[in-house]
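Below is one structure, written out as structure tokens; the observations come after it.
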Amino acid sequence: QLQLVESGGGLVQPGGSLRLSCAASGFTLNYYAIAWFRQAPGKEREGVSCISSSGSSTHYADSVKGRFTISRDNAENTVYLQMNNLQPEDTAVYFCAADRGWEGVSTVQQMCGTPNFKYDYWGQGAQVTVSS
């Protein structure tokens with residue numbers, strides 16, 4: 001079965017860290033750009049961070065710059081989102097999406113700004129809750 005599987009979500013106190021993983025099953029991520037989106041209750045889905053298939057281009061939402069880091073390990077067929085200094089406003093369900101053709105800094109930024117696009121693959125979501 002071709003799918004993306006997120007893991008690593010959970011409950012963390014403000015200032016804490018989590019690392020989300022987005023693993024591909026049944027296909028290789030090598031040729032796919034990856035986007036992380038999140039959706040909080042009552043809010044629209046928003047782009048968090050995106051990375052090109054080569055990993056050479058990345059983009060971050062202003063709200064997470066300096067705190068989140070996206071990376072990929074194509075040998076492990078996995079993309080990661082390291083989240084540090086988490087705040088209550090980061091509480092949301094986090095989704096990863098994979099698609100081809102989003103390369104270069106400007107197009108990766110565009111990918112992050114298009115949360116409702118029909119990407120090739122979507123993960124099922126991982127809940128991240130930041131609370132004391």
Side-chain angles (χ1 to χ4, degrees):
Q1 187 175 1
L2 307 180
Q3 59 181 352
L4 292 175
V5 179
E6 295 108 335
S7 61
L11 173 64
V12 65
Q13 292 185 341
S17 298
L18 286 173
R19 189 179 77 160
L20 298 181
S21 298
C22 174
S25 176
F27 69 102
T28 179
L29 279 180
N30 290 25
Y31 307 110
Y32 289 83
I34 302 296
W36 283 101
F37 299 103
R38 66 186 181 187
Q39 188 164 19
K43 294 188 177 181
E44 294 185 352
R45 188 179 300 169
E46 63 175 355
V48 176
S49 183
C50 296
I51 188 168
S52 61
S53 61
S54 67
S56 61
S57 298
T58 59
H59 177 76
Y60 297 92
D62 288 343
S63 59
V64 306
K65 274 181 185 176
R67 300 188 298 123
F68 290 13
T69 302
I70 191 170
S71 62
R72 65 189 302 150
D73 185 338
N74 285 344
E76 294 293 325
N77 219 23
T78 301
V79 172
Y80 302 99
L81 185 68
Q82 177 66 44
M83 305 184 294
N84 297 329
N85 191 22
L86 284 160
Q87 300 300 316
E89 54 265 33
D90 296 316
T91 295
V93 178
Y94 285 69
F95 301 89
C96 62
D99 205 40
R100 296 195 183 199
W102 303 82
E103 303 297 326
V105 173
S106 60
T107 50
V108 166
Q109 179 179 356
Q110 184 180 2
M111 186 181 190
C112 267
T114 318
N116 297 312
F117 187 79
K118 191 177 179 183
Y119 295 108
D120 287 344
Y121 301 100
W122 281 93
Q124 82 287 356
Q127 177 68 49
V128 171
T129 302
V130 185
S131 175
S132 55

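What you see is a predicted model, and the numbers here were worked out from it, not measured in a lab.
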Can [Y] be reached from [X] by stepping across I, L, V, M, F, W or Y side chains whose heavy atoms are under 4.5 Å apart?
X      : Y      : value
Tyr121 : Val48  : yes
Tyr31  : Ile34  : yes
Phe37  : Val108 : no
Val12  : Val64  : yes
Ile51  : Leu81  : yes

Inset, instruction - Given side chain to side chain donor-acceptor pair (under 3.5 Å), test Ser54 with Ser56 step by step and report yes or no. - result: CA-CA 5 Å; Ser54 67; Ser56 61; 2.7 Å; yes

Inset, instruction - Inspect the contact between Asp90 and Arg38 and indicate whether a charged nitrogen and a carboxylate oxygen are less than 4.0 angstrom apart. - result: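 The answer is yes: the pair qualifies as a salt bridge.
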
Out of curiosity, [X] [atom1] to [Y] [atom2], how far, rounded to the nearest 0.5 Å?
X      : Y      : atom1 : atom2 : result
Met111 : His59  : CE    : NE2   : 12.0 Å
Glu46  : Cys112 : CD    : SG    : 10.0 Å
Gln82  : Leu18  : CD    : CG    : 8.5 Å

Inset, instruction - Taking atom types as modelled, find out whether Asn85 and Gln87 have a side-chain donor-acceptor pair closer than 3.5 angstrom. - result: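 Looking only at side-chain atoms, Gln87 and Asn85 do form a donor-acceptor pair, the distance falling under 3.5 Å.
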
Inset, instruction - Starting from the C-alpha separation in whole Å, work towards a yes-or-no answer on side chain to side chain donor-acceptor pair (under 3.5 Å) for Gln127 and Thr129. - result: CA-CA 6 Å; Gln127 177 68 49; Thr129 302; 3.3 Å; yes

Answer yes or no: is there a side-chain heavy-atom contact under 4.5 Å between [X] and [Y]?
X      : Y     : result
Thr78  : Leu29 : no
Tyr60  : Trp36 : no
Pro14  : Leu86 : no
Val128 : Met83 : yes
Ser49  : Phe68 : no
Ile70  : Val79 : yes

Inset, instruction - Kindly confirm or rule out a cation-pi arrangement of Arg72 over Tyr80, judged by NZ or CZ under 6.0 Å from the six-membered ring centre and within 45° of its axis? - result: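 Output no; distance or angle outside limits.
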
Inset, instruction - Mark yes or no: Arg45 above the aromatic ring of Trp122, with NZ or CZ under 6.0 Å from the six-membered ring centre and no more than 45 degrees from the axis. - result: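 Yes - Arg45 lies over the ring of Trp122, closer than 6.0 Å to its centre and within 45° of its axis.
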
Legend entry - Contact list for residues 4-28, test side chain to side chain donor-acceptor pair (under 3.5 Å), sequence neighbours left out: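 Those involving residues 4-28 are Ser17-Asn84, Thr28-Asn30.
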
Inset, instruction - Could you tell me which non-hydrogen atom of Asp120 sits nearest to which non-hydrogen atom of Arg100, and how far apart they are? - result: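 Reported closest heavy-atom pair: OD2-N, 3.9 Å.
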
Legend entry - For the student: nearest non-hydrogen atoms of Leu20 and Ala126, plus distance: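 In terms of heavy atoms, the two residues are closest at CD2-CB, 4.3 Å.
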
Inset, instruction - Taking Asp73 for its side chain and Glu76 for its backbone only, find out whether a donor-acceptor pair lies under 3.5 Å. - result: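 Checking the backbone N and O of Glu76 against the side chain of Asp73, a donor-acceptor pair under 3.5 Å is found.
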
Legend entry - Audit row: Tyr119, Tyr32, side-chain contact (heavy atoms from CB on, under 4.5 Å) steps and yes/no: CA-CA 10 Å; Tyr119 295 108; Tyr32 289 83; over 6 Å; no

Inset, instruction - Decide if atom CD of Glu44 counts as having more than 12 heavy atoms of other residues, nucleotides or ligands within a radius under 6.0 Å. - result: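 12 or below, so no.
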
Inset, instruction - Just jot down the salt bridge (charged side-chain N to carboxylate O under 4.0 Å, His left out) partners of Lys43, sequence neighbours excluded, or say none. - result: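 Lys43 satisfies salt bridge (charged side-chain N to carboxylate O under 4.0 Å, His left out) with no residue once adjacent residues are dropped.
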
